[in-house]
Amino acid sequence: MLSRDGDPPEAGLTPAPAEGLNGPQAEAAAHVDGPMVVFAGAGSGKTRVITYRIANLLAACRVPPYRILAVTFTNKAAGEMKRRLERICGPELVRDLWVGTFHATCARLLRRHHEAAGLGKNFIVYDDDDQRAVMSRVFKELKIDDKRHPMRLVMGRIHREKQDGLLAADFTPGNPTEEVVARCFSEYERRLADANAVDFDDLLIRVLRIVEDERSAAGEELRKKFLHVLVDEFQDVNQVQYRLVRGLSRRSTNLFVVGDDDQSIYRWRGADVRIVRNFRRDHPGARIVKLEENYRSTSSVVTAALGVIRPATDREPKELWTNNPPGEPVAVVACATERDEAAFVAERVRELVDQGVSPADVAIFYRVHAQSRVLEEVLRSERLPFQVIGGVRFFERAEVKDLVSYLRVITNPRSDVDLLRIINVPSRKIGDTTVEKLAGLAAELKVPLFEALEPLVRSDRVGPQPKKALARLHALLSDLMTAADTAGPRDLAERVLDETGYARMLEAEGTDEAEGRLLNLRELLGSIEEYERETLAAAEVPTLAGYLEKVALVAVTDELKDAPKVAMMTVHAAKGLEFSHVFLTGMEEDMFPFRSMDPARSGDVEEERRLAYVAITRARARLWIFHAERRMVFGATKYGMPSRFLADLPKEVVTQQKTETMRSSQGRFIDRDGWGAKRPEASQGAPRLSWSHPQARTGGGLERPRLAAPSSERTPGERFIERDDDAPRAASLRRPAPVDVPAPRGLGPGSQVEHPSFGMGVVLEVDGSPDPTATVKFSGWSTKRIKVRFLEVVHQR
DNA sequence: GAATGGCCCGGCTGC
DNA sequence: CGGGCCATTC
């Protein structure tokens, strides 16, 4: 259960056993040898099982924490699991556990083994945006016509290859289009390598390649490192992730996975349900446990969920049940428009809040982000506090990315896309022409753009004005790089804002928009500060690289704050969460199940069905499901009939309702029953377009002031940054071990030291030899014996 | 070299 | 409907 801390059990519901676990749960937590798969139905307490299993491994089996790896689906889930474990086992043991997402875990392992992966130490992680920027440079250089070969298709293809663990060298083109893909693929790879950067897929593939390399010493270390590997949400792993955990657990054979094939909703990004279904086949002798009792929801909700999932084909046989009382029926609400829908939602939320329900116990789900806008507008006008998860994400905002790019250039000057991003922001009179000349020279010299700056200034290829501008930029960045050696991440960020003139540029603008951007930057500084605090609290050294890594890997759900606000998110983002009151909007054919315009990407109705199941099972006590007669989709009015999934809801647990608007307009497109309605024929057309309701108006007076005063943009609804308890423990990057400095005298037990590969550690003992060796306990690693001269002393005892 | 306005095209879910 | 790209203009 990933609910917020301290959630009280709903009135009338049986809480999960307070102490100990029920039969199957206990079995899953206790049998600690060999492979094991747990089929855990929604709300059956799987997080609890994993948590207790780890506690058991630590306390009863005395497994060293740094030899346990637990892979979670989000950073937030990792943080919550750690917090729960701390309460059971105490912070000492928990600190050294490896708990994190696939990506965060791989990033951390890759810091240690960057050499085996052919990466520089301070490699950075490129997000989608960066990947696109790189690829558009590739297209330019290879002179590929974006019309004939749309970039997103090329990138999509490469992405799919990489999800199967394949790189450019493994790709054999079979047709002219693939020919183009192949060329882009290798050029893209080359550019990332030159930039000392990896993308999300690389993060996993690089580690996988090391793990699967029989001859590599690093591979051997990784294969031996973990005595226990546990994976949550196993139904959503892809082939690369599966091979990874197989490799990491091959020696120990202690691979423990928990999943629910009914909740597999990420096939579109490479997840493969067959992996969990075939687990037994792939692991002969694997123990199987099924958790089928739902502790979370009322029986009405469970019954509704079962109705939706039962028609699904090809499921692992299992039967979810609950002892909980029926509670309130599920309300299915017919609405006229999306605005009508939003108004009804807001009204109900208002009632709940007035009755004393915390807004934090309420969530609004939708299939696609685009649906959130109207809901936001109405909730804002009702002064209901809310937070939108995902959508235009904080770290994707231009100003935030700008500052992050500055910081990345400073840690890793080889990153061309970052330099290009900020080369003329704020305006320095370095335009396209100059940039192209710089790129040309860099290509000739075979150096990164940054290193071509000085040569270009010395050359006579550019005029005196650009020369001056380029020289100034070079001096500015060099200064900041020097400053990075001593200043902490937060101070450095502040200096960047100040010395680059970025802050001044925004202040000078004086618009509300600029004001908002400044506010976001301040928030970014706040997040760096928080990172510093958390890292120090964990007795580690905050580094810019550590922060940047964290930034790159925040997941949407990590953004959910513990705040008394209604949470609004896509159903995908809702996975793993639970709320006492849930509003599920947009349950119409073509919307949910979603149907893409592009027949090539026509969705998978089975997956949509599972998605609906996930949505329903998030609700503990009350669930409302909405469908609207018509809805504005991409600027055009679309008429939708109720989703087929509504017809699968058992009638006995459902009440049907209509909004006020629907009642007054006699629900003209919905038959009396509410479902099985026909899509209105075009011939019925004319009157419905002229039909007008004050709320149905588009364009008049209800527009949201998009760039309006930032304060009103942020409250009561706000988009914000993550608060993540799982700070990565990256080694210091800009401080090489002081090889020629004599070992500090008096370095005794208890001293805090830092090592470039292993990160922070505590000295247990030091021998008295002329070139002393220290025994050091590193967080996340076993105790190591290391020459003192390779250690940097952080705190001397 | 920068700023502005028009136009086209995509149009989901996300680490 | 909205973002990104291009052409035009200062």
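So that the names make sense, note that chain A is the first sequence line, chain B the second, and so on, each numbered from 1.
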**Interatomic distance where CE belongs to A:Met569 and C1' belongs to B:dC12 [whole Å]** = 17 Å
**Prompt:** Among B:dC15, B:dG11, C:dG2, which nucleotide sits nearest the side chain of A:Arg373?
**Reply:** C:dG2
**Message:** Does B:dC12 have its OP1 or OP2 closer than 4.0 Å to a side-chain nitrogen or oxygen of A:Thr570?
**Reply:** no
**Under 3.5 Å donor-acceptor pair, A:His369 side-chain atoms to B:dG14 base atoms** = no
**Request:** Could you check how far CZ of A:Arg339 sits from P of C:dC1, rounded to whole Å?
**Result:** 12 Å
**Item:** Nucleotide of B:dG14, B:dG11, B:dT13 approaching A:Val368 most closely (side-chain heavy atoms)
**Value:** B:dT13
**Request:** Rounded to the nearest angstrom, tell me the gap between atom CZ in A:Arg397 and atom P in C:dG3.
**Result:** 12 Å
**Message:** On DNA chain B, compare the nucleotides closest to A:Val633 and A:Gly431; which residue's is nearer the 5' end?
**Reply:** A:Gly431
**Request:** Respond yes when some side-chain nitrogen or oxygen of A:Thr74 is under 4.0 Å from OP1 or OP2 of B:dC15, and no when none is.
**Result:** no
**Asked** Whole-Å distance between B:dC9 P and A:Lys147 NZ?
**Response** 7 Å
**Request:** Establish, with yes or no, whether the OP1 or OP2 oxygen of B:dG14 is under 4.0 angstrom from a side-chain nitrogen or oxygen of A:Arg267.
**Result:** no
**Item:** Residue A:Ala573, side-chain heavy atoms: nucleotide from B:dC12, B:dG14, C:dG2 that is nearest
**Value:** B:dG14
**Message:** Are more than 12 heavy atoms, taken from residues, nucleotides or ligands other than A:Arg461, located less than 6.0 Å from that residue's CZ atom?
**Reply:** yes
**Item:** Check ion pair A:Asp129-A:Lys401 (N to O, under 4.0 angstrom)
**Value:** yes
**Request:** Examine B:dC15: is either OP1 or OP2 under 4.0 Å from a nitrogen or oxygen in the side chain of A:Arg393? Give yes or no.
**Result:** yes
**Asked** NZ of A:Lys638 versus P of B:dC12: gap in Å, rounded?
**Response** 12 Å
**Asked** Is there a donor and acceptor pair closer than 3.5 Å between the side chain of A:Asp128 and the base of B:dC15?
**Response** yes
**Request:** Check the distance between B:dC15's P and A:Ile158's CD1 and give it to me in whole angstrom.
**Result:** 21 Å
**Rounded distance (Å) that lies between atom P of B:dC15 and atom CG of A:Asn238** = 14 Å
**Complete:** With sequence neighbours left out, the residues meeting side-chain contact (heavy atoms from CB on, under 4.5 Å) with A:Arg644 are A:Glu589, A:Pro593, A:Val605
**Item:** Nearest-Å distance once atom P is located in both B:dT13 and C:dG4
**Value:** 15 Å
**Prompt:** Which whole-number value in Å describes the distance from A:Gln131 CD to B:dG14 P?
**Reply:** 16 Å
**Complete:** Out of B:dG14, B:dT13, B:dC15, minimum distance to the side chain of A:Phe200 belongs to B:dC15
**Request:** Would you kindly say whether A:Gln163 and A:Asn238 are connected by a side-chain donor-acceptor distance under 3.5 Å?
**Result:** no
**Request:** Show your working on salt bridge (charged side-chain N to carboxylate O under 4.0 Å, His left out) between A:Arg408 and A:Glu549 and close with a plain yes or no.
**Result:** CA-CA 10 Å; A:Arg408 295 208 300 201; A:Glu549 182 174 300; over 6 Å; no
**Request:** Tell me, please, which residues at least two apart from A:Glu396 pass salt bridge (Lys or Arg N to Asp or Glu O under 4.0 Å).
**Result:** none
**Asked** Which listed nucleotide (B:dC15, B:dG1, B:dA2) is nearest to the side chain of A:Asn424?
**Response** B:dA2
**Prompt:** With respect to the side chain of A:Phe594, which nucleotide from B:dT13, B:dG1, B:dC12 is positioned closest?
**Reply:** B:dC12
**Stacking check A:Trp268 vs B:dC12 (5.5 Å / 30 deg)** = no
**Prompt:** Taking the side chain of A:Arg152 as heavy atoms from C-beta outward, which of B:dG11, B:dT13, B:dG1 is closest to it?
**Reply:** B:dG11
**Asked** Between the base of B:dT13 and the side chain of A:Arg269, is there a donor-acceptor distance below 3.5 Å?
**Response** no
**Prompt:** Counting only side-chain N and O atoms of A:Ser427, is one of them less than 4.0 Å from OP1 or OP2 of B:dG1?
**Reply:** no
